[in-house]
Protein chains: 2
Amino acid sequence: MAEDPRKRIELLWGASGRPSRGPKPKLTLEEIVATGIRVADEEGLDALSMQRVAKELGFTTMSLYRYVPSKDRLVEVMLDRAADGPPVFTGEVVDWRGEIEAWVRGLWAMYRLHPWALEARVSAPPIGPGQLAWFEAALRPLTHAGLTGGELISTVMFLLGAVRELAGISFGLEQSRARAGISAAESEAGYDAVLREFADPGRFPSLAKLVGEGAFAPSGLDDEAVDLDLDFGVQRVLDGVEAYVAARRG
Amino acid sequence: MAEDPRKRIELLWGASGRPSRGPKPKLTLEEIVATGIRVADEEGLDALSMQRVAKELGFTTMSLYRYVPSKDRLVEVMLDRAADGPPVFTGEVVDWRGEIEAWVRGLWAMYRLHPWALEARVSAPPIGPGQLAWFEAALRPLTHAGLTGGELISTVMFLLGAVRELAGISFGLEQSRARAGISAAESEAGYDAVLREFADPGRFPSLAKLVGEGAFAPSGLDDEAVDLDLDFGVQRVLDGVEAYVAARRG
DNA sequence: TAGAACTGTGTATCACTTACACAAAATAGT
DNA sequence: ACTATTTTGTGTAAGTGATACACAGTTCTA
């Protein structure tokens, strides 16, 4: 019953040796994946079904199973392919903080392009070519910053996680806003109002204080609110990394 | 078609006034939610179905819909209830870093108790009582550290995201390990081996170097590997916060 | 050139969410 | 007390979706 991890890797890396007998395949994994991504981009993960993908391609549902062992595996490959193309820097690292900031913005942009990637479950470390490319892209500047070994892995995973989660909330809100047909300001005002109603000062004193100060009130730059949240956190991590490396050297 | 956000909140807060006519309900929302949590705890989110919950309770599937508008809403409430009970500190904050560390460990423990919470989609900011309790618990020490307003929100969300994502990977691995019947060391060794095979030094130079140094090799403390990853990141954030506050004051 | 291996298809099964209508139960207003 | 109204739990059924399996046609290998 357990899945062969080898097959997973092979699927992600396209490393399956093609058989010599039998009819030539009329489809390719990448075609299927690209179609899946297109459907998910346009209508979300819920609209993604094997039947839907097959119909788009003009084949029967079951034909897809000659290329993909299950829908879950398909989504896994989609996630990897969607993650292709992190910002690329070459040569010597001259501004590691700038590179990480660009990396974070790039990740954010990737999620904006493929918001369904935030709906999919992620329960394994990066392993496909697309995921590894992002990992690599963050390692470069962080290595230059002075981190080594496990510190690097830790920091990259930490940043990946934070960006993903914040993007999930941001785009999730955006989507429900779109469905409800309200503006970002209205949405934030709604959240603010709910907090004002339920953030009981007895039970949630710090929160109530924060709400009272208007910290959740709609700002002028609505669309960027969560984005700004992200920036602050990233800056703190980078500050922390800098201090850590300095302390070790000093 | 759009969902009434009001109803969502009411469901989360149990704020629906009970009607006076009609038969007395034989079930309660909390009973249903608790059953759902039990099923999900034991067998994962995939095993959670309305039919399953109903059967456990000895009622028909459709009876649940008198208490919950849809399965998605049920899961939303489950997520909130599962999140109840962050570590509680009272009185003056004497060690804000220690409180945050305890908070992170508590969050980690919560996810260990309810790993299905990592499989569910989160696309909205914290709003139920359980989620807000965690928010509050982090605000307390961070406020004492010297952060204010949006900085607080940002930092808490950032930490929430990072912990969630790292827990997702850690427990996801743990689960596939359990299914495959292999040890943590074997699993890590497998990951290491895959990276050695696919981390081409031309394409992923920093990663290849890291792999070559054995950064992904199984450590003695297998079970804690990701946990340690998390600690490092958290420490950097806290360092960064400290530096930020100091700089502003200075 | 025969046999083996592989492809795409058609059919079918099973599980799941949820709409709808009904009968029994409980209350409100007379 | 009585009746109309509201609400509950149930039964039935529709609709969607993943995927197992067997078959017929296709392309190699020996």
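What you are looking at is a predicted structure, and each value in this text was computed from that prediction instead of being measured. Just so you know, these numbers use all the heavy atoms, side chains as well, and skip hydrogens, waters and symmetry mates.
Looking at B:Trp13, its side chain never comes within 3.5 Å of a backbone N or O of A:Phe198 through a donor-acceptor pair. Without hydrogens or angle criteria, A:Arg81 side chain to A:Gly130 main chain gives no donor-acceptor distance under 3.5 Å.
Using a 30° and 60° split on the angle between ring planes, B:Phe216 and B:Tyr191 fall in the perpendicular class, above 60°.
To the nearest angstrom, P of D:dT16 lies 9 Å from CD of A:Gln51. If you take NZ of A:Lys55 and C1' of D:dG17, they are 13 Å apart, rounded to a whole angstrom. C:dT11 atom C1' lies 15 Å from atom OH of A:Tyr65, rounded to whole Å. A straight line from CZ of A:Arg73 to P of D:dA18 spans 15 Å, rounded to a whole angstrom. In this structure, CG of B:Leu27 is placed 13 Å from C1' of D:dT10, rounded to the nearest angstrom. Across the protein-nucleic acid pair, A:Leu45 atom CG and D:dT16 atom C1' stand 16 Å apart, rounded to whole Å. The CZ atom of B:Arg66 sits 8 Å away from the P atom of D:dG9 (whole-angstrom rounding). For the pair B:Asp72 CG and C:dT18 P, the computed distance is 7 Å after rounding to whole Å.
Mapping B:Asp46 and B:Pro23 onto DNA chain C by nearest heavy atom places B:Asp46 at the nucleotide closer to the 5' end. Taking the nucleotide of DNA chain D with the nearest heavy atom to each of A:Arg21 and B:Leu64, the more 5' of the two is matched to B:Leu64. DNA chain D is contacted by both B:Tyr67 and B:Gly22; B:Gly22 maps to the nucleotide lying nearer its 5′ end (nearest heavy atom per residue).
For the OP1/OP2 pair of C:dG8 and a distance below 4.0 Å, the side-chain nitrogens and oxygens of A:Ser63 include no atom meeting the criterion. Here B:Lys24 does not reach the OP1 or OP2 of C:dA26: none of its side-chain N or O atoms lies under 4.0 Å away.
For B:Trp116 and B:Phe171, the ring centers sit 6.0 Å or farther from each other.
Listed nucleotides C:dT9, D:dG9, C:dA19 differ in distance to B:Met62; the shortest reach to its side chain belongs to C:dA19. The listed nucleotides are C:dT18, C:dG8, D:dA18; the one nearest the side chain of A:Lys71 is D:dA18. Comparing atom distances between the A:Ser70 side chain and each of C:dT18, D:dG17, D:dT19 picks out D:dT19 as nearest.
Note that CD of A:Glu188 is 8.5 Å distant from CG of A:Asp192, once rounded to the nearest 0.5 Å.
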